Amino acid sequence: MIIFFETDINPLNLAQLQLHLKQQGYESNYISSENCCIVPGLIKTESLKQFDCISYFQTIDTPFQLASKNFKSETQFEVNGILMGTQYANIIAGPCSVESEEQIFETAAFLNKNGIRFLRGGAYKPRTSPYSFRGLGKEGLRLLSQAAKQNNLNVVTELMDLSLLDEVMQYADIIQIGSRNMANFFMLAELGKINKPVMLKRGMQARVNEWLLAADYILSGGNQKVILCERGIRSFDPLSRNVMDVAVIPLVQSLSHLPVIADPSHGTGSAALVAPLAKASMVAGANGLMIEIHPNPAKALSDAHQAMSFENFELLLKELNVLQPAIDKPIDATYSIA
Ligand code: PEP
Ligand code: MN
């Protein structure tokens with residue numbers, strides 16, 4: 001149950017209400033950015049009549065509360081002047097990993113030329129094998145941020161561990177939480193306290209309720225800038241890296257006010273399948289895409305099989321432009337290509 005307050009709730013009134021709830025066995029959570037309190041359970045509302053600060057109550061019948069569309073209908077925020085949210089579509093592209101100055105600057109210049117506003121790149125990489133390339137670390141973040149600045153791009157990069165939060169905060173415009181960390185609840189709660197957008201990838205085995213509850217961990221800490229990213233779920237079939245769940249895009253949008261973007265690179269694991277699934281996702285209503293590209297895909301140090309060449313990525317942008325009438329929202333990157 002959610003209790004909404006009159007504006008400018010006095011801290012004393014709030015403390016009295018929270019004490020009252022506690023006496024009834026409810027530990028409530030006040031979210032100042034939304035001016036409301038989440039109470040995990042159904043309270044007898046008669047007992048709350050004495051509290052004038054309460055504006056109205058709402059019960060949300062899903063386990064996730066703040067991510068629910070019944071809580072609010074839309075999410076919108078700005079990242080350095082670029083609008084993101086339910087009404088928009090933004091394209092994020094770049095290599096799986098930052099590998100060298102040359103690679104990341106070449107990629108950033110190419111993206112800028114094509115009207116893209118977000119550069120992705122991993123500096124700390126979650127790799128299945130400890131013997132694989134695990135990223136350039138801080139040097140990778142520095143290169144990523146310099147390449148982005150020089151090309152008027154925003155940085156999207158993964159936070160692997162809370163010990164790196166300050167460092168990643170310094171360079172990232174959007175913090176990516178990878179599939180393997182979707183259920184790192186302690187980390188998610190800490191991300192609720194920051195004022196930077198968080199892109200929350202779906203756990204590779206996560207159900208929709210689990211994914212949206214993970215978003216609630218961030219939202220309930222006060223950070224309302226959350227973007228969901230579908231990146232495919234584990235399959236029994238060795239021929240595909242994952243099952244790219246396109247259906248989950250409109251499904252989640254029917255349940256949540258949070259923007260949902262699609263990552264067909266990890267979703268398919270195969271460069272040849274990225275464009276078809278990118279187009280399918282956009283027509284299915286995605287609020288954007290995250291795509292891995294590389295100046296020389298065969299030489300990529302991670303996820304080489306799924307890296308698109310610059311040429312094929314340009315082709316995809318042109319195709320998305322053609323599909324624009326079937327996509328019910330403007331795509332930032334395609335404004336500039338005719
Ligand atoms: C990535 O985006 O590079 C990545 C590691 O993705 P995921 O967490 O979805 O596997
Ligand atoms: Mn990758």
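Every value quoted in this text rests on a predicted model; they were computed, and no experiment measured them.
- Ring orientation note: the planes of F110 and F310 are close to parallel, at an angle under 30° on the 30°/60° scale.
- The nearest pair of heavy atoms linking V39 to S28 is CG2-CB, 4.1 Å.
- Checking N112 against N152 by side-chain atom types alone, no donor-acceptor pair falls below 3.5 Å.
- I218 and I227 fall into different hydrophobic clusters, where Ile, Leu, Val, Met, Phe, Trp and Tyr residues are linked whenever their side-chain heavy atoms come under 4.5 Å apart, directly or through other members.
- Residues F118 and L153 have side chains not in contact (no heavy-atom distance under 4.5 Å, counting atoms from C-beta outward).
- Put simply, the side chain of Q176 never gets that close to the backbone of R120: no donor and acceptor are under 3.5 Å apart.
- At distances below 3.5 Å, not a single donor-acceptor pair connects side-chain atoms of T157 with backbone N or O atoms of A172.
- A donor-acceptor pair under 3.5 Å is formed between the side chain of E230 and the backbone N or O of G232.
- Taken together through direct or relayed side-chain contacts under 4.5 Å among Ile, Leu, Val, Met, Phe, Trp and Tyr, V155 and L136 form part of one hydrophobic cluster.
- Between the side chains of N90 and N287, no donor-acceptor pair of N or O atoms lies under 3.5 Å.
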| said: Could you walk me through whether S254 and K69 satisfy the side chain to side chain contact (heavy atoms under 4.5 Å, CB included) test, starting with their C-alpha distance in whole Å, then the side-chain angles of each, then the deciding distance to 0.1 Å, before giving a yes or no? | reply: CA-CA 7 Å; S254 73; K69 210 165 186 150; 5.9 Å; no
| message | As a quick check of understanding, evaluate salt bridge (charged side-chain N to carboxylate O under 4.0 Å, His left out) for E34 and K72, giving each step before the final call. | response | CA-CA 10 Å; E34 300 295 307; K72 61 178 173 187; 3.5 Å; yes
| Worked check of side chain to side chain contact (heavy atoms under 4.5 Å, CB included) between I249 and S281 | CA-CA 7 Å; I249 297 162; S281 300; 3.8 Å; yes
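- With W211 contributing its side chain and M182 its backbone, the two residues share no donor-acceptor pair below 3.5 Å.
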| Please walk me through it: do Y26 and M1 pass side chain to side chain contact (heavy atoms under 4.5 Å, CB included)? | CA-CA 11 Å; Y26 298 110; M1 179 167 167; over 6 Å; no
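- For CZ of R134, the number of neighbouring non-hydrogen atoms (other residues, nucleotides, ligands) closer than 6.0 Å is 12 at most.
- Between the OG atom in S220 and the CD1 atom in I38 there is a gap of 7.5 Å [rounded to 0.5 Å].
- Side-chain atoms of S179 come within 3.5 Å of backbone N or O of R202 as a donor-acceptor pair.
- S309 places a side-chain N or O within 3.5 Å of a backbone atom of N312 that can act as its donor or acceptor partner.
- The only option from N154, L111, V156 that meets the side-chain contact (heavy atoms from CB on, under 4.5 Å) definition with L119 turns out to be L111.
- The main-chain N or O of I116 is never found under 3.5 Å from a side-chain atom of N114 such that the two would form a donor-acceptor pair.
- Between V79 and K196, every side-chain heavy-atom pair lies at or beyond the 4.5 Å cut-off.
- In terms of heavy atoms, Y30 sits closest to I9 at OH-CG2, 3.4 Å.
- Under 3.5 Å, the side chains of D237 and S235 contain no donor-acceptor pair of N or O atoms.
- Residues M160 and Y124 approach most closely at CG-O, 3.4 Å, considering heavy atoms.
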| Can you check salt bridge (charged side-chain N to carboxylate O under 4.0 Å, His left out) on R142 and E139, steps first, answer last? | CA-CA 5 Å; R142 222 178 40 78; E139 174 64 4; 2.8 Å; yes
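- The closest donor-acceptor contact from the side chain of S240 to the backbone of V243 lies at 3.5 Å or more, if one exists at all.
- Of the inter-residue distances, the one linking N29 atom CG with C37 atom SG reads 7.0 Å to the nearest 0.5 angstrom.
- Within a 6.0 Å sphere centred on CD of Q50, other residues, nucleotides and ligands contribute more than 12 heavy atoms.
- Judged purely by atom type and a 3.5 angstrom limit, E99 uses its side chain to pair as donor or acceptor with the backbone of L301.
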| task | Show your reasoning for whether salt bridge (charged side-chain N to carboxylate O under 4.0 Å, His left out) applies to E190 and K193. | result | CA-CA 5 Å; E190 289 300 307; K193 299 175 190 163; 2.9 Å; yes
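- When all heavy atoms are compared, the tightest approach of R127 to S302 is NH1-CB, 3.2 Å.
- L316 and I92 fall into different hydrophobic clusters, where Ile, Leu, Val, Met, Phe, Trp and Tyr are joined by side-chain heavy atoms under 4.5 Å apart, directly or via other members.
- Distance check: I327 CD1 to I331 CD1 gives 4.0 Å after rounding to the nearest 0.5 Å.
- Under a hydrophobic clustering in which Ile, Leu, Val, Met, Phe, Trp and Tyr are joined whenever their side-chain heavy atoms come within less than 4.5 Å, directly or via other members, Y217 and F71 fall into the same cluster.
- Between the SG atom in C96 and the CZ atom in F133 there is a gap of 9.5 Å [rounded to 0.5 Å].
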| Evaluation steps, side chain to side chain contact (heavy atoms under 4.5 Å, CB included), between L219 and Q224 | CA-CA 5 Å; L219 298 167; Q224 306 304 308; 3.6 Å; yes
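- Side-chain polar atoms of Q87 and Q76 form no donor-acceptor pair below 3.5 angstrom.
- Clustering ILVMFWY residues whenever any of their side-chain heavy atoms sit less than 4.5 angstrom apart, transitively, puts I43 in a cluster other than the one holding L19.
- If you look at F51 and H20, their ring centroids are closer than 6.0 Å.
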Side chains of residues 255-278: which donor-acceptor partners sit under 3.5 Å, not counting sequence neighbours?
from : atom 1 : to   : atom 2 : distance (Å)
S256 : OG     : A67  : O      : 2.6
S256 : OG     : L258 : N      : 3.1
H257 : ND1    : T75  : OG1    : 2.7
H257 : NE2    : L66  : O      : 2.6
D263 : OD1    : S265 : N      : 3.0
D263 : OD1    : H266 : N      : 2.9
D263 : OD1    : H266 : ND1    : 3.4
D263 : OD2    : K201 : NZ     : 2.7
D263 : OD2    : H266 : ND1    : 2.7
S265 : OG     : E292 : N      : 2.9
H266 : NE2    : E292 : OE2    : 3.1
H266 : NE2    : D303 : OD2    : 3.0
H266 : NE2    : Q306 : NE2    : 3.3
T268 : OG1    : P264 : O      : 2.8
T268 : OG1    : S270 : N      : 3.3
T268 : OG1    : S270 : O      : 3.4

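- Within 6.0 Å of the CG atom in D166, the count of heavy atoms belonging to other residues, nucleotides or ligands does not exceed 12.
- Judged purely by atom type and a 3.5 angstrom limit, N242 has no side-chain atom pairing as donor or acceptor with the backbone of M244.
- Counting only N and O atoms by type, the side chains of N195 and K225 include a donor and acceptor under 3.5 Å apart.
- We find the CE-CZ distance between M199 and R231 to be 11.0 Å, quoted to the nearest 0.5 Å.
- Contact between K125 and G122 at its shortest, heavy atoms only, is CD-CA, 3.7 Å.
- A donor-acceptor contact closer than 3.5 angstrom is absent between the side chains of N70 and Q58.
- The ring of Y88 has its center no closer than 6.0 angstrom to the ring center of F77.
- In terms of heavy atoms, L191 sits closest to N223 at O-ND2, 3.1 Å.
- Rounding to the nearest 0.5 angstrom, the gap separating the CD1 atom in I104 from the CD atom in Q146 is 11.5 Å.
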